[in-house]
Amino acid sequence: MLTLKALAGEDAPAYLPALSALLLDSLEHGAAVGFMLPLPASDARAYWQDVFAAVAAGRRVLLVAEADGQVAGSVQLALAEQNNGQHRAEVCKMLVHSSWRRRGIARQLLQALEDHARHHQRTTLVLDTRQGDAAEHLYQSVGYTRAGEIPDFARSSSGELHATVLYYKLLPLDKA
């Protein structure tokens, strides 16, 4: 059974080992999420500790998917802090463990993240992903619109440059 949980600041540290392992597994299986291999475990832990601090400060939402007692995936919502951007947020670091892929976990994480975005009054979501990755199909299938691409945006683990594709989604606010 899959459960989704938004980690609060005090809950997050207990997830440090599992989230670090998730990041490393994602990189080892080709994910383009801002890091290159080899990634020292200490760097993975430092990254997640920075995320936990942003969650505790209210600048970020961190969702975790758990299945069979394991962290199967995670995604983040970075809340724009600028005065003119209080309506937008960035979807960041969609990670699904290689042993849990192709089971709808990413889709469920995105749906839950959209609920959190609405809760924070965020109606414009943006993200980027490596051009040609399977994630492009996922984002399009859940209603994200392709806005364009930037060539030679980042390096892959092999060291070659690749393009990134920008997507956005406009959310209606629930009128409850």
Side-chain angles (χ1 to χ4, degrees), residues 1-7 15 18-37 39 44 47-48 51 55 60-68 70-80 87-120 122-158 160-174:
M1 176 165 172
L2 185 73
T3 58
L4 303 179
K5 179 179 185 178
L7 295 187
Y15 285 83
L19 287 169
S20 296
L22 174 64
L23 177 58
L24 290 169
D25 173 79
S26 296
L27 288 171
E28 289 166 358
H29 287 88
V33 290
F35 298 96
M36 292 179 59
L37 290 172
L39 180 67
Y47 166 73
W48 286 111
V51 171
V55 168
R60 190 167 290 242
V61 174
L62 172 59
L63 294 183
V64 171
E66 292 179 290
D68 296 338
Q70 302 173 22
V71 171
S74 72
V75 68
Q76 300 169 45
L77 187 68
L79 305 171
H87 64 289
R88 70 177 183 261
E90 181 179 1
V91 177
C92 305
K93 304 289 189 278
M94 168 61 75
L95 305 172
V96 175
H97 194 279
S98 60
S99 63
W100 288 98
R101 291 185 182 160
R102 309 288 306 156
R103 299 184 195 191
I105 292 171
R107 183 177 303 275
Q108 290 181 58
L109 281 166
L110 285 172
Q111 290 170 343
L113 199 68
E114 289 177 14
D115 291 340
H116 284 273
R118 286 184 190 95
H119 173 77
H120 289 280
R122 307 304 167 122
T123 56
T124 301
L125 300 183
V126 297
L127 62 85
D128 71 277
T129 191
R130 182 171 49 197
Q131 186 178 39
D133 275 0
E136 280 198 85
H137 176 71
L138 167 69
Y139 296 131
Q140 290 170 9
S141 75
V142 296
Y144 282 80
T145 301
R146 189 180 196 273
E149 66 185 61
I150 302 170
D152 296 342
F153 184 76
R155 291 200 185 279
S156 65
S157 289
S158 67
E160 65 185 289
L161 292 171
H162 61 82
T164 195
V165 182
L166 306 171
Y167 284 89
Y168 70 92
K169 185 171 185 178
L170 303 177
L171 301 176
L173 283 177
D174 293 334

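One is the number of the first residue; the rest follow in order along the sequence.
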(request) Can you measure from CG (Leu63) to OG (Ser74) and round to the nearest 0.5 angstrom? (result) 8.5 Å

(request) Go through the structure and list residues passing side chain to side chain contact (heavy atoms under 4.5 Å, CB included) with Phe153, not counting sequence neighbours. (result) Asp128, Ile150, Thr164

(request) For Leu109 and Leu95, work out which heavy atoms get closest and say how close. (result) CD1-O, 4.4 Å

(message) If you compare all heavy atoms of Arg122 against all heavy atoms of Ala80, which two are closest, and at what distance to 0.1 Å?
(response) NH1-O, 2.9 Å

(request) State which residues pass salt bridge (Lys or Arg N to Asp or Glu O under 4.0 Å) with Lys93; sequence neighbours excluded, sorted by chain then number. (result) none

(request) If the plane angle is over 60° it's perpendicular, under 30° parallel, otherwise tilted; pick one for Tyr139 and Tyr144. (result) perpendicular

(message) For Ala106 versus Met94, what's the shortest heavy-atom pair and its separation?
(response) O-CE, 3.5 Å

(message) To check you understand the geometry: which heavy-atom pair defines the closest contact between Gln76 and Leu113, and what is its length?
(response) O-CD2, 3.6 Å

(request) Mind checking side-chain hydrogen bond (donor to acceptor under 3.5 Å, both in side chains) for Arg88 and listing every partner two or more places apart, or none if nothing turns up? (result) none

(request) Apply the test side-chain contact (heavy atoms from CB on, under 4.5 Å) to residues Val51 and Leu19: give CA-CA distance (whole Å), side-chain angles for both, the deciding distance (0.1 Å), then the verdict. (result) CA-CA 11 Å; Val51 171; Leu19 287 169; over 6 Å; no

(message) So, using salt bridge (Lys or Arg N to Asp or Glu O under 4.0 Å) as the criterion, who are the partners of Glu90 when residues are at least two apart?
(response) none

(message) Counting C-beta onward and ignoring hydrogens, is there a side-chain heavy-atom pair between Tyr167 and Val91 closer than 4.5 Å?
(response) no

Donor-acceptor contacts under 3.5 Å from residues 20-34 side chains, at least two apart:
unit_1 : atom_1 : unit_2 : atom_2 : d
Ser20  : OG     : Leu16  : O      : 2.9
Asp25  : OD1    : His29  : ND1    : 3.2
Asp25  : OD1    : Ser98  : OG     : 2.9
Asp25  : OD2    : Ser98  : N      : 2.7
Asp25  : OD2    : Ser98  : OG     : 3.3
Ser26  : OG     : Leu22  : O      : 3.0
His29  : ND1    : Asp25  : O      : 2.9

(message) Looking at every heavy atom in both Leu79 and His120, which two are closest together, and how far apart are they?
(response) CD1-ND1, 3.9 Å

(request) Apply side-chain contact (heavy atoms from CB on, under 4.5 Å) to His162 and Gln131, showing your working. (result) CA-CA 7 Å; His162 61 82; Gln131 186 178 39; over 6 Å; no

(request) Please identify each residue that fulfils side chain to side chain contact (heavy atoms under 4.5 Å, CB included) with Thr123, with sequence neighbours left out. (result) His87, Leu173

(message) Could you check whether any side-chain N or O of Trp100 sits under 3.5 Å from a backbone N or O of Ala72, counting only pairs where one atom can act as donor and the other as acceptor?
(response) no

(message) Rounded to the nearest 0.5 Å, what separates atom CD in Glu114 from atom CG in Leu125?
(response) 6.0 Å

(message) Donor-acceptor check, side chain of His97 to backbone of Ser99, threshold 3.5 angstrom: yes or no?
(response) yes

(request) Nearest 0.5 Å please: distance from the CG atom of Leu127 over to the CG atom of Leu166. (result) 8.5 Å

(request) Give the minimum heavy-atom separation between Arg130 and Ser156, together with the two atoms involved. (result) NH1-CB, 4.0 Å

(message) I'd like to check the salt bridge (Lys or Arg N to Asp or Glu O under 4.0 Å) partners of Arg60; sequence neighbours left out, ordered by chain and number.
(response) none

(request) For Gln111, check side-chain hydrogen bond (donor to acceptor under 3.5 Å, both in side chains) against everything at least two apart and list the hits. (result) none

(request) Using the test ring pair (Phe, Tyr, Trp, His ring centres under 6.0 Å), find all partners of Tyr47 that sit at least two apart in sequence or belong to another chain. (result) Phe35

(request) Name all residues meeting the side-chain hydrogen bond (donor to acceptor under 3.5 Å, both in side chains) criterion together with Arg146; count only those two or more places apart in sequence or in a different chain, and write none if there are none. (result) Glu149

(message) Leu2: which residues meet the side chain to side chain contact (heavy atoms under 4.5 Å, CB included) condition with it, sequence neighbours left out?
(response) Leu4, Ala65, Ala67, Ile105, Gln108

(request) Decide side-chain contact (heavy atoms from CB on, under 4.5 Å) for Leu170 and Thr145; before the verdict, give the C-alpha distance in whole Å, the side-chain angles of both, and the deciding distance to 0.1 Å. (result) CA-CA 9 Å; Leu170 303 177; Thr145 301; over 6 Å; no

(request) Please list, chain by chain and in numerical order, all residues satisfying side-chain hydrogen bond (donor to acceptor under 3.5 Å, both in side chains) with Ser141, sequence neighbours excluded. (result) Arg107

